[in-house]
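Heads up: the structure comes next, in structure tokens.
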Amino acid sequence: MKKLLRQLKEGILDNNPTLVQLLGMCPTLATTTSVKNAVGMGLAATAVLIFSNLFVSLLRKFIPKQVRIAAYIVIISGFVTMVELLMKAFLFSLYESLGIFIPLIVVNCIILARAEAFASKNKPLPSAIDGLAMGLGFTFALLLVATVREIIGNGSFLGVSLFGDGYAPALLLVMPAGAFLTLGFVIAAVQKIRNVKEDQARVEKLSVVEAKEAKKEETV
Amino acid sequence: MSFTDILLLMFGAILVENFIFAKFYGCCPFLGVSDKPDTALGMGMAVTFVMTLSGAATWAVYHFLLEPFGLEYLKTVAFILVIAALVQFIEMFLRKFIPALYASLGIYLPLITTNCAVLSAALLAIQNEYSFIAAVSFGFASALGFTLAIVVFAGVRGKMEFSEPPRAFQGFPITLIAAGLLAMAFAGFAGIKL
Amino acid sequence: MVNKKTVWGVANIALRLLVICLAVAALTALVYAVTKDPIAEGERARKEDAIRLIFTEADHFTEDTSIVFDGANAVYAVFGANGTQLGYCVDYTGNSDYGGAVNMMIGVGVDGKVSGLQVISHAETFIDRYLDDNSRYTGIDKAYGADLSAGATMSYHAIRNAIDTVETAFSAGVGGAK
């Protein structure tokens with residue numbers, strides 16, 4: 001259980017596929033004009049991630065090494081098509097809003113990266129959990145960017161108008177340029193937090209070393 | 001589609017609906033490979049080659065293999081396989097006949113398979129029901145747009161090397177912001193109708 | 001120099017890859033079979049809703065196969081509850097200038113003028129928010145809320161072109177249009 005929680009924490013925070021590993025940029029930039037689209041995309045990608053990781057892990061001894069990338073691609077594209085069909089049947093308006101980006105989940109680097117880095121080397125259950133963790137991390141990143149873009153760029157959240165009619169939204173943020181800018185600032189913020197933590201850790205380490213040296217000198 | 005229609009389509013694909021600045025297809029290599037103008041140009045040319053050929057190949061596969069058997073829903077799977085095979089083939093071809101180019105592209109060549117731009121162009125051509133000529137022209141033009149974006153951006157990043165942004169912004173964030181400003185410039189093309 | 005071992009090696013790899021492809025294809029086909037009907041049903045329902053939104057007193061409609069023109073997938077003669085014809089609805093697919101199929105239901109009154117339009121489905125991720133302000137016709141609705149983007153004006157042209165095409169077709173008395 002603890003291992004599971006740790007995997008989740010890693011996927012969502014420490015090793016977030018988009019904010020830390022810097023993968024999956026296309027959908028992050030394109031589908032974050034509204035929180036609804038962003039979460040929809042994130043969850044769709046998560047579904048594919050879980051199943052493709054699971055499948056790759058189950059077949060990991062069967063997939064020949066020399067053509068493993070091709071095999072992963074076949075598996076991933078299969079599950080993407082399945083998710084696409086299910087969305088077209090049961091979640092049509094989301095299917096339409098996300099448009100071409102649903103089939104583009106196939107080339108979302110995150111899924112291929114996890115198949116290669118994790119699922120091909122681990123048992124099915126941890127692989128599925130990894131898919132869930134990374135998928136949720138991706139969704140979280142999308143949510144962050146979309147929240148900023150929708151609130152400031154459209155004056156709404158999940159379609160609910162927040163500021164009333166008098167608010168003139170900063171349209172730039174829901175345009176393509178705004179996507180780049182928002183993501184840039186979000187990642188900068190994330191890097192700032194990581195830098196602060198890194199510095200803290202370094203300072204702590206140094207003070208431990210200093211304390212040890214001081215003790216040594218005392219005893220001498 | 002008449003000849004003028006195709007020209008307009010190409011103009012649109014390069015400037016108005018630029019694959020990177022308006023539609024975000026092909027961002028990963030765009031953000032990753034654009035640090036030097038030469039690599040950027042090489043990448044752009046390789047992508048152009050792949051996208052033109054894949055425009056043709058995917059159109060053929062869809063219309064002669066998938067449609068007649070009612071298997072349209074398998075297009076994502078089929079297209080990505082075609083693209084992967086195409087890239088593999090081009091890799092072997094370059095290695096044998098133009099080794100210098102092969103060496104300079106290095107790892108970026110196989111990465112073209114996961115380039116959203118290639119798959120997008122193929123899917124869009126089907127979605128918009130383009131003719132064969134239109135599909136190939138669209139692939140070619142979109143790739144030119146991609147190349148334009150990536151080369152211009154490489155120039156911008158070259159200038160950026162001499163600046164010192166705050167620590168938190170170094171690396172990816174400042175690159176994204178620069179891309180955003182460039183996207184704003186391209187937004188000026190929006191709505192042009194000839 | 002192709003020895004038996006290499007041939008078997010390559011064949012082994014190819015076979016395994018083929019098995020994986022077939023397994024994936026089978027699963028996908030299964031999902032396709034399950035979703036085929038809901039998808040078709042959904043499309044039918046959306047078109048019907050569009051017709052009812054355009055002609056609020058519509059009671060039933062029948063397909064009129066005599067009216068044919070470019071872009072029209074089907075033309076329906078719409079009737080009110082008492083049997084009088086309210087007009088026609090054209091299931092039309094238009095293209096915005098740089099591509100992007102937009103599927104709409106266009107209502108035409110008995111006078112041959114477009115009386116309403118509903119977007120049934122579109123391939124673009126964004127649809128013009130300004131359509132309401134700039135539209136020349138009353139009663140033109142969008143079935144969806146709008147997002148603005150650099151490519152937004154494309155869809156506006158698609159809709160305007162569609163309206164023009166339909167009106168031209170009906171005023172020319174295409175194939176028995178009254």
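- Contact tally against chain C (heavy-atom pairs below 4.5 Å) for A/A89, A/G78, A/A70: the top residue is A/A89.
- The closest side-chain heavy-atom distance from C/V24 to A/F79 is not below 4.5 Å.
- Nearest heavy-atom pair, A/K61 versus C/R16, reported as atom, atom and distance to 0.1 Å: O-NH1, 3.7 Å.
- Proximity of A/F90 to C/I39: side-chain heavy atoms (C-beta onward) are nowhere separated by under 4.5 Å.
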*asked:* Could you walk me through whether C/V19 and A/F62 satisfy the side-chain contact (heavy atoms from CB on, under 4.5 Å) test, starting with their C-alpha distance in whole Å, then the side-chain angles of each, then the deciding distance to 0.1 Å, before giving a yes or no?
replied: CA-CA 10 Å; C/V19 168; A/F62 183 73; 4.0 Å; yes

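- Note that the CZ atom of A/F55 and the CG atom of C/L27 stand 5.0 Å from one another [nearest 0.5 Å].
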_Evaluation steps, side-chain contact (heavy atoms from CB on, under 4.5 Å), between C/T35 and A/K88_ = CA-CA 8 Å; C/T35 54; A/K88 193 170 180 186; over 6 Å; no

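- The side-chain heavy atoms of C/E43 and A/F92, taken from C-beta on, include no pair separated by under 4.5 Å.
- Between the CD1 atom of C/I20 and the CD1 atom of A/I63 there is a distance of 4.5 Å, given to the nearest 0.5 Å.
- Chain C forms more heavy-atom pairs under 4.5 Å with one residue of A/R68, A/K65, A/M82 than with any other, namely A/M82.
- With a 6.0 Å radius and a threshold of 12 heavy atoms from other residues, nucleotides or ligands, A/F51 has its CZ atom at or below the threshold.
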